[in-house]
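Since we're looking at a predicted model, the values are computed, not measured.
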Amino acid sequence: MENKFKKIVLENSDTIVHNWLNEIDTMKSGNYSASITEELLENTNREFVNIIFSSIKNQGETEHLKEFAEKLINLGWQVSYITDGLQLFRRVTIDFILSQSDKIDTDYISQLLHNVDQWVEPIIRQLVNEYSGNWENIVSLQRVALQELSAPLIPVIDNITVMPLVGTIDTERAKLIMESLLDGVIKHNSEVVLIDITGVPVVDTMVAHHIIQAAEAVRLIGATCILVGIRPEIAQTIVNLGIDLGKFHTKSSLRKGFITALEITGRRIVDSRDKDDAIEQMIDSLSGE
């Protein structure tokens, strides 16, 4: 009976494809097709249905299913496109086979439903698994990239580095900040690290605790930590919370913190214009003599 159903489907593939394309055309309002061209949608739909027939004919071909799943991810389409499309194919195929049958009874319908499920279900599982696996891989790579960007340590001058923090600091991110900070201090041979919290919207007890831990860890490996970007409202919050930052240098701006970092490392900012004026005065005095 299975071979009979398969023969009907394969011999009438053009008609079934036509019916399926008409049905799936009603899915255009879905998010998977919100920002693509009609041509791309039509080509992808035809590729989809060709893959379905290829899988039926070759009893579960997997290579094209994998490539198609990757394509859908790159297009940004939802997995519902796969499941909805295959459910439509199931219904269209069953309707067509029934329309070609002279004798229909309970056993016939039962066999038909069973065989069509045997064609469609493996494709659904394979495509969804491939889609999910590729999506999880992409999300994992993006998470790593975001983590690296969320706690950068920037060397600005010999022995001085800056870590600008932006956004909310939770426990997971605080751990990443600590690791990046300690690794960066060793890597860049930093004597002074400026932690800039200008972009941190809220400093509560937990955030302050994480920052203090990071600064203390820097101190334990032989470097000095300067906390910069303390706005008046944050200073008031810290005082109200009774948080003690007495062990650490604190400055209201990155500029002031950098000047302090230069002093700690035995350097200072010199205005070159003053030096040029002094040289000119010396030349003038020599000429006058």
Side-chain angles (χ1 to χ4, degrees), residues 1-102 104 108-143 145:
M1 186 70 75
E2 179 183 0
N3 291 333
K4 177 183 177 181
F5 292 143
K6 183 178 291 187
K7 183 178 180 182
I8 293 173
V9 170
L10 295 177
E11 287 180 351
N12 297 276
S13 60
D14 290 343
T15 302
I16 294 175
V17 167
H18 176 74
N19 294 342
W20 184 83
L21 288 173
N22 287 339
E23 289 284 344
I24 205 170
D25 194 53
T26 62
M27 298 167 57
K28 285 183 180 179
S29 60
N31 291 334
Y32 63 84
S33 61
S35 59
I36 64 172
T37 63
E38 290 285 337
E39 182 181 2
L40 177 58
L41 178 60
E42 182 178 350
N43 290 339
T44 306
N45 286 339
R46 289 191 176 277
E47 183 181 356
F48 189 10
V49 75
N50 287 336
I51 286 173
I52 295 172
F53 274 103
S54 177
S55 179
I56 294 172
K57 183 177 180 181
N58 299 320
Q59 297 182 342
E61 182 184 20
T62 59
E63 186 60 33
H64 288 102
L65 291 174
K66 181 177 180 180
E67 293 175 359
F68 187 67
E70 292 176 353
K71 179 177 180 178
L72 292 182
I73 293 173
N74 291 331
L75 288 172
W77 290 8
Q78 296 179 353
V79 71
S80 60
Y81 171 76
I82 296 172
T83 55
D84 291 347
L86 285 165
Q87 294 299 341
L88 281 176
F89 179 82
R90 174 188 279 146
R91 178 162 60 81
V92 167
T93 301
I94 290 172
D95 289 347
F96 179 82
I97 294 176
L98 289 175
S99 70
Q100 303 299 305
S101 305
D102 297 327
I104 300 175
Y108 185 89
I109 294 175
S110 177
Q111 285 288 333
L112 174 59
L113 294 175
H114 176 71
N115 282 283
V116 173
D117 283 345
Q118 283 188 320
W119 301 337
V120 173
E121 291 298 333
I123 302 174
I124 292 179
R125 285 195 299 269
Q126 179 70 24
L127 274 175
V128 170
N129 287 339
E130 292 292 344
Y131 189 98
S132 300
N134 279 282
W135 184 256
E136 287 172 2
N137 183 52
I138 290 173
V139 170
S140 177
L141 292 174
Q142 289 177 339
R143 185 183 297 112

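- With Ser99 contributing its side chain and Phe96 its backbone, the two residues share a donor-acceptor pair below 3.5 Å.
- Note: Leu112 CG to Thr93 OG1 = 9.0 Å, rounded to the nearest 0.5 Å.
- Within the model, atoms CH2 of Trp119 and CD1 of Ile52 stand 12.0 Å from one another, a figure rounded to the nearest 0.5 Å.
- A donor-acceptor contact under 3.5 angstrom links the side chains of His18 and Asn22, judged on distance only.
- A distance of 8.5 Å separates CG of Asn50 from OG of Ser13, quoted to the nearest 0.5 Å.
- The shortest heavy-atom contact between Phe89 and Ile16 is CE1-CG2, 4.0 Å.
- Taken from NZ in Lys4 to CD1 in Ile97, the straight-line distance is 10.0 Å, to the nearest 0.5 Å.
- Under the 30°/60° scheme for interplanar angles, the aromatic rings of Phe48 and Phe68 are found to lie parallel.
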TODO: Step by step, work out the side chain to side chain contact (heavy atoms under 4.5 Å, CB included) result for Ile94 and Arg90.
DONE: CA-CA 6 Å; Ile94 290 172; Arg90 174 188 279 146; 3.8 Å; yes

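- To the nearest 0.5 Å, the span separating CZ on Arg91 from CD on Gln87 amounts to 10.0 Å.
- Put simply, CD on Gln126 and CD1 on Ile124 are 12.5 Å apart, with the number rounded to the nearest 0.5 Å.
- Shortest non-hydrogen contact noted between Ser55 and Ile123 is OG-CG1, 3.4 Å.
- When all heavy atoms are compared, the tightest approach of Asn45 to Trp20 is O-CZ3, 3.2 Å.
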